[in-house]
There are 2 protein chains.
Amino acid sequence: MATSPGARGHGVSGVGPRTREGKTPTLYDVARLAGVSTATVSRVLHGHDRVSEATRERVREVIDELGYVPDGAAQSLSRRRKEVIGLVTVARETKQYDVESMSLLFWDEVLHGVEARLRDHGWSLLITFLPTEGGGDHLERLASLSGKVDGLLIGEGMIPSARLARLAERVPIVVIAGAPDERAVDVVVADNYSGTAALVTHLVVEHGLRRLYHVDGPESAPDARERRRALEAVLASTPGGTLVGSRRGTFSVQSGEEAAQELLRDVDRLPDAVVCANDQMAIGVLQAFARAGVRVPADVAVVGFDDIYPGGLSDPPLTTVHQPMRLLGERACARMLEHLAHPDLRPALEMLPAELVLRSSCGCDPDAATRRPVPRVKAKRAGRRPSGVAG
Amino acid sequence: MATSPGARGHGVSGVGPRTREGKTPTLYDVARLAGVSTATVSRVLHGHDRVSEATRERVREVIDELGYVPDGAAQSLSRRRKEVIGLVTVARETKQYDVESMSLLFWDEVLHGVEARLRDHGWSLLITFLPTEGGGDHLERLASLSGKVDGLLIGEGMIPSARLARLAERVPIVVIAGAPDERAVDVVVADNYSGTAALVTHLVVEHGLRRLYHVDGPESAPDARERRRALEAVLASTPGGTLVGSRRGTFSVQSGEEAAQELLRDVDRLPDAVVCANDQMAIGVLQAFARAGVRVPADVAVVGFDDIYPGGLSDPPLTTVHQPMRLLGERACARMLEHLAHPDLRPALEMLPAELVLRSSCGCDPDAATRRPVPRVKAKRAGRRPSGVAG
DNA sequence: ATGACTCGTCTAAGCGCTTACACTAAGGTT
DNA sequence: AACCTTAGTGTAAGCGCTTAGACGAGTCAT
């Protein structure tokens with residue numbers, strides 16, 4: 001019992017710190033050098049069972065001396081849990097900062113939220129950015145990813161809904177900022193509907209603006225869809241509320257500029273306000289208006305959605321709705337951990353409150369920029385999920 | 001041979017897609033269902049050896065049907081390689097965007113660079129953000145991290161140099177934006193010296209500015225050290241070049257404001273230019289000057305370093321030196337992969353060229369903002385590493 | 001035929017942990 | 001004195017893969 005615990009075929013050499021030349025020390029090395037079994041070392045490592053103080057001490061010393069660190073792969077395999085979750089979002093390829101690339105900060109912010117929550121639990125975060133354009137081998141990358149993690153957090157629009165369901169058979173999945181009517185997987189999303197409703201209501205009630213123009217997002221974007229529905233609902237219940245025009249953009253600054261130009265050309269009388277489906281397009285509108293000599297907010301108000309950084313710096317500063325990006329990440333992560341703890345949990349929708357950010361492009365006092373929580377409003381028509389956290 | 005390959009004790013059930021109820025299918029399941037050995041399945045999986053077309057086909061079918069994906073932990077363990085590398089940088093805790101938090105985008109950008117390179121090789125990225133203040137258990141987190149990855153990319157300032165050396169015994173390490181005189185580990189860093197030299201030379205030669213004030217970074221920051229040395233060197237070799245004053249800041253906007261206030265108070269004649277060790281402080285200086293009615297660049301020029309996003313939006317737009325953040329990440333990653341391929345590679349220093357970004361805070365024409373590559377200049381005094389990529 | 005190869009496949013030994021279970025010695029109970 | 005606990009430790013069977021080596025069956029030149 002004293003000196004010959006099973007060395008398991010490992011070539012033994014001197015008693016120097018690194019026992020098997022050049023190799024990283026393993027649990028067996030520690031056990032051998034401490035004159036105990038691997039079980040005991042493992043117990044010491046995890047503060048588990050009752051191990052005598054003396055033994056514990058001895059093992060600790062050897063661990064220290066060897067600089068031993070348990071191998072993650074072996075632990076994962078043995079525990080049947082990797083304590084790693086994966087995050088899949090958009091790759092940012094640009095070398096230069098610009099408003100466009102800043103919008104991708106959305107995901108960086110989400111990432112930080114996820115990591116913070118994960119860190120609390122001692123788990124790790126595996127990152128994968130997928131280029132949005134060229135389809136191709138993504139499926140394969142995702143499959144291989146799913147073998148390396150316990151769960152997958154996926155950004156909206158990264159993967160078609162059908163594939164999601166398939167993937168979800170292997171690992172739990174939480175979609176971030178996804179469509180609120182997704183059913184097969186968990187979704188954590190900002191309350192786009194209520195946010196836009198609050199914003200438009202602000203325009204209508206506090207600034208008396210009634211004739212609105214809408215710069216919509218792409219057809220495929222679920223968030224843009226929600227925002228549009230809210231706009232229409234508020235307008236419908238406002239006496240005199242009119243949608244004087246609308247145009248679809250691509251969420252880019254340029255498409256915002258184009259929308260503004262078209263608006264300027266086609267409409268003989270300016271609307272009271274231009275409501276854009278995101279901040280980038282609002283910034284584009286602002287730029288086009290500035291060039292055309294249209295004053296904002298004097299001649300027309302302009303508002304966006306998301307609260308990306310450059311919006312606070314534009315001229316005039318953009319009124320918008322804040323997406324709780326960091327929180328989105330944190331909640332998605334929290335849901336995932338719950339899921340792993342209770343594998344029989346049914347997928348649900350979690351909707352996070354947005355926040356109104358009143359700067360001056362809507363006509364508010366520039367010096368009194370404020371943030372204001374957005375109350376939850378129920379969407380009028382169906383299409384929502386019947387059950388879930390969202391109630 | 002037809003139907004009873006070793007099932008290895010796994011309880012067999014129906015022939016439905018998921019063979020052992022509820023369990024994720026393993027290589028053994030595939031092998032059994034395809035009527036071949038695990039070795040063969042493995043070969044098919046990796047396109048390896050010669051496997052007959054018929055067998056290959058059959059195995060592929062079963063894999064598909066089962067939705068089988070190899071377990072990453074098991075693969076890592078068996079291959080003795082995880083194909084995962086870790087990145088350790090600063091945690092961003094703020095909920096709000098501001099200039100300060102934008103500076104942390106530096107690391108987000110590095111992250112994207114790392115991921116892009118890693119993606120090319122099919123490896124994965126494990127992220128860990130460390131809060132910079134509260135010391136504590138970081139050491140433990142890092143140790144545990146080192147068991148989960150094949151190599152570690154570490155941001156400058158995250159870990160004291162002494163610990164680095166210890167860590168480096170276990171896994172290869174590349175420090176990003178680290179001190180150029182680190183010897184125990186690889187370092188990838190921007191050419192702070194040449195960048196600053198070019199910037200100051202621009203001030204001196206093209207704008208005829210000779211009396212400079214320096215807002216330095218913290219003593220501990222190696223990059224600030226390099227920048228200061230370059231400033232002094234250029235000044236020393238300039239007839240009439242004088243450092244009229246200097247103050248240490250903390251790299252924050254506020255410390256920049258304070259420096260400017262002190263400057264305004266203590267100096268009876270404004271310097272020709274204020275050279276700041278980073279952009280945040282330069283922005284602080286700009287703000288303080290604006291409040292004090294000092295015109296930039298008419299009364300005094302102000303320049304920064306890093307090229308963070310808000311610098312392009314300040315008034316006047318900030319002239320600065322661009323750090324190749326994304327490239328920093330890419331190169332660090334590339335070095336790491338080389339290291340893993342050739343474990344006997346000696347640690348070296350890789351210095352990346354910076355770029356001059358001429359906007360208008362230095363006195364350049366605002367409409368002619370330009371970027372200009374920075375030629376490599378040799379530092380005057382010693383203290384550099386004798387060998388390595390840096391030559 | 002026979003040996004020498006080649007192909008395609010299988011067997012089984014790891015990889016470095018965790019952990020159920022078995023075991024021993026010492027102390028406590030009746 | 002016989003039996004039961006309990007604390008402390010060891011044994012060994014996995015976890016799901018990879019891969020060196022063995023093997024049987026063709027092929028082919030001798």
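Per chain, numbering begins at 1; letters A, B, ... match sequence-line order.
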Quick one: CD1 on B:I63 to CG on B:L33, what's the gap to the nearest 0.5 Å?
11.5 Å
Among D:dC17, D:dT9, C:dT9, find the nucleotide with the atom closest to the side chain of B:S52.
C:dT9
Out of C:dT11, D:dT9, C:dG8, which has the shortest distance to the side chain of A:V51?
D:dT9
For A:I173 and A:L164, the nearest pair of non-hydrogen atoms, with its separation, is CD1-O, 4.0 Å
Do A:K82 and B:D71 meet the salt-bridge criterion of a basic N to acidic O distance under 4.0 Å?
yes
Got a salt bridge between A:R80 and A:D150, using NZ or NE/NH1/NH2 to carboxylate O under 4.0 Å?
no
Integer-rounded Å distance: [N] [atom2] and [X] [atom1]:
X: A:L77; N: D:dA13; atom1: CG; atom2: C1'; answer: 13 Å
X: A:L66; N: C:dG16; atom1: CG; atom2: C1'; answer: 14 Å
X: A:R81; N: D:dG16; atom1: CZ; atom2: C1'; answer: 17 Å
X: A:R32; N: C:dG16; atom1: CZ; atom2: C1'; answer: 14 Å
X: A:K23; N: C:dG14; atom1: NZ; atom2: P; answer: 13 Å
X: A:R80; N: D:dC17; atom1: CZ; atom2: P; answer: 13 Å
X: A:D29; N: C:dG16; atom1: CG; atom2: C1'; answer: 10 Å
X: A:D71; N: C:dG14; atom1: CG; atom2: P; answer: 18 Å

Per-nt protein contacts along nucleotides 18-26 of chain D (heavy atom under 4.0 Å; B base, S backbone sugar-phosphate only, - none) come out as BBBB-----
A:K148 vs B:S76 side-chain heavy atoms within contact, under 4.5 Å:
no
pair A:D186-A:E350: side-chain heavy atoms closer than 4.5 Å
no
Stepwise side-chain contact (heavy atoms from CB on, under 4.5 Å) check, A:E61 with A:E65
CA-CA 6 Å; A:E61 270 166 22; A:E65 183 192 355; 6.0 Å; no
N or O in side chain of B:R50 less than 4.0 angstrom from C:dC7 OP1/OP2
yes
